[in-house]
Amino acid sequence: MTALWLGFAGSVVLTLGLGAFETAKTLDSAKGDPGSAPKFQTRAPAKRIWPNEPSDATLRLSASADGETLFLIGRIDPGSYGKFRRFATAHPKAETLFLGSPGGIVLEGYLIGVYVREQRIKTYVGAICASSCTQILIAGTDRAAAPGAHLGFHESWRLGDDGIAVGSQTGEKHQDAIMRAAYDRSGIDGAFADRALSTSFKSMWYPSLEEMEKAHVLTRRSLTNEIVPPLAADISKSAIGESLLKDRMWQLLQQEDPKLYRDSVDAAWYAAQGGVDPTLLGAIAQEEVSKVIWPRMAVASDEAVEASVSLILDQVRIQKATSGGRCADTTDMDWDFVPDAGLLERERNVYRLVLETTTMQKPMTQPKALKKLRPVMMRLRAKLPHYTQEEATRSPAARCARLSAILEEIAAAPLSDRISMMRALMTLGDIGQDEKSE
């Protein structure tokens, strides 16, 4: 999960010596809570024979009472294939595999798919199946998805030696070759495979169910929620919404931007259906809000802008101390990141201030914003001469140092300058100015 300050950095594509930032596309909304859940059998866990199997906290496997349906809920991490094969072997009557996963390791998903194909098992998606999860989906003899289900596709990726994610467009083509072979084996339209594998790993393509049926990704479209997983019986959209509305910010958002509120609840619900820890759902919903609220900050009240300076700086400091790679890379790949509750609360307070702003400031022009930040960047070059623009592109530590340095400069300025410099930074954020433009 991305760090909290990336709600700002994700909107800020700023190359004033700080590097470029992107955020992955989040899920669209869909209507309806899951239906009632079937009864599930209880079974003592089999002896773990793979030392690196993921825990049940990240990948949960279960079976229906009759043993004919298996459920795979959560991330596909290293060792997932071994864990799945052991569990599936213990349930020889299995005919259908229910999938609820945001994806993970390509090879693990591919190997699970091989087992599914060999055993001629059907696959079904109730809410979410993305990234390497789709390698399992397309291996099914019968492939279907519930109405409103989200199936996400993109190229493969890996973490490089420097901690930065690397996609197939920069050298990981052997992994995409594996994925393409799976598409071909399942009879999927070549144009669809091209589109899927040309989508950057920093985003996600969510084709419609009609598109996927036409391209033979799905062999049919489900008209109802045919199968309900155990998790769906415990977490509903309404329950998530009720929990959020205990906070004043969410109350304001529901009143002033009902669509954004619904989208945020939906994002949290889809994450829950993908096996995300329920304690993180509030942070996921809040991250959805950040994409819309932070761009408004440049014209919000002085109080909101002032509160944002210290918040973002503290968020970056925490990430810098934890991991240079996490601080510098905004791709949504860090599933184990646990957000700081205090920072989450402060972030909600900033959003509340923005929502309460009745008179917006006049937008700052790009030339004025560049002029305002030029002295800051000149001082930054003097303080960090060894951090070149080229190095900042390659090195997580350099990118993180540049980001924290400019925020330190802004935080140290007198109040009036601090607010105007932050407005300038936010004004340039979603436009992206080359360092030479200074």
Side-chain angles (χ1 to χ4, degrees), residues 25-40 60 62 64 68-74 95-103 116 121-154 186-189 192 195-196 199 204-242 258-276 281 284-285 288:
K25 177 183 177 183
T26 53
L27 303 173
D28 297 326
S29 62
K31 298 180 180 179
D33 284 339
S36 59
K39 296 180 180 179
F40 297 92
R60 292 189 291 278
S62 59
S64 59
E68 293 182 358
T69 302
L70 304 182
F71 299 89
L72 185 156
I73 308 293
E95 297 179 355
T96 303
L97 174 62
F98 180 100
L99 297 167
S101 171
V116 167
I121 295 174
K122 303 173 185 176
T123 50
Y124 185 86
V125 177
I128 176 69
C129 178
S131 188
S132 64
C133 175
T134 60
Q135 290 284 289
I136 306 172
L137 167 72
I138 63 176
T141 54
D142 177 75
R143 306 185 289 269
H150 281 63
L151 279 68
F153 300 82
H154 62 186
S186 298
I188 293 172
D189 181 69
F192 185 97
R195 171 76 182 275
T199 299
M204 193 75 75
W205 174 39
Y206 293 99
S208 67
L209 297 181
E210 291 84 355
E211 288 178 285
M212 288 184 283
E213 188 175 28
K214 184 177 179 180
H216 308 297
V217 175
L218 299 177
T219 58
R220 63 183 179 86
R221 270 193 292 159
S222 176
L223 300 179
T224 61
N225 291 310
E226 298 175 10
I227 305 172
V228 181
L231 181 65
D234 300 325
I235 301 177
S236 67
K237 290 182 185 179
S238 59
I240 292 172
E242 289 173 6
K259 182 180 184 302
L260 179 57
Y261 169 77
R262 291 193 301 270
D263 289 349
S264 301
V265 173
D266 285 341
W269 183 76
Y270 277 110
Q273 300 309 295
V276 170
L281 299 184
I284 291 170
E288 184 78 3

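Computed over heavy atoms, backbone and side chain alike; hydrogens, waters and symmetry mates excluded. Quick note: residue numbers are just sequence positions, from 1.
- Summarising the geometry, atom CZ belonging to Arg262 is positioned 16.0 Å from atom CH2 belonging to Trp269; distances are rounded to the nearest 0.5 Å.
- Taking both residues in full, the closest heavy atoms of Lys237 and Val265 are given as O-CG1, 3.6 Å, listed atom of the first, atom of the second, then distance.
- Using a 4.5 Å cut-off on side-chain heavy atoms (C-beta onward), Leu137 and Val217 make contact.
- Two rings, from Phe153 and Tyr206, have their centers 6.0 Å or more apart.
- Considering NE2 of His154 and CH2 of Trp205, their distance stands at 13.0 Å, rounded to 0.5 Å.
- Closest approach of Ile284 to Ala267, counting heavy atoms only: CG2-O, 3.9 Å.
- A donor atom on one side chain and an acceptor atom on the other are not found under 3.5 Å apart for Ser186 and His216.
- Atom-to-atom distance recorded for Glu210:CD and Met212:CE is 8.5 Å, nearest 0.5 angstrom.
- Between Thr224 and Pro147 there is no side-chain heavy-atom pair separated by less than 4.5 Å.
- The two residues Pro207 and Leu151 make their nearest non-hydrogen contact at CD-O, 3.4 Å.
- Here the closest heavy-atom approach between residue Tyr124 and residue Ser222 is recorded as OH-OG, 3.3 Å.
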Could you go through Asp142 and Arg220, starting from their C-alpha distance and side-chain angles, then the distance that decides it, and tell me whether this counts as side-chain contact (heavy atoms from CB on, under 4.5 Å)? CA-CA 8 Å; Asp142 177 75; Arg220 63 183 179 86; 3.0 Å; yes
Run Leu70 and Ser62 through side-chain contact (heavy atoms from CB on, under 4.5 Å) and show every step you take. CA-CA 6 Å; Leu70 304 182; Ser62 59; over 6 Å; no
Does Ile227 form a side-chain contact (heavy atoms from CB on, under 4.5 Å) with Thr69? I'd like the steps, not just the answer. CA-CA 9 Å; Ile227 305 172; Thr69 302; 4.2 Å; yes
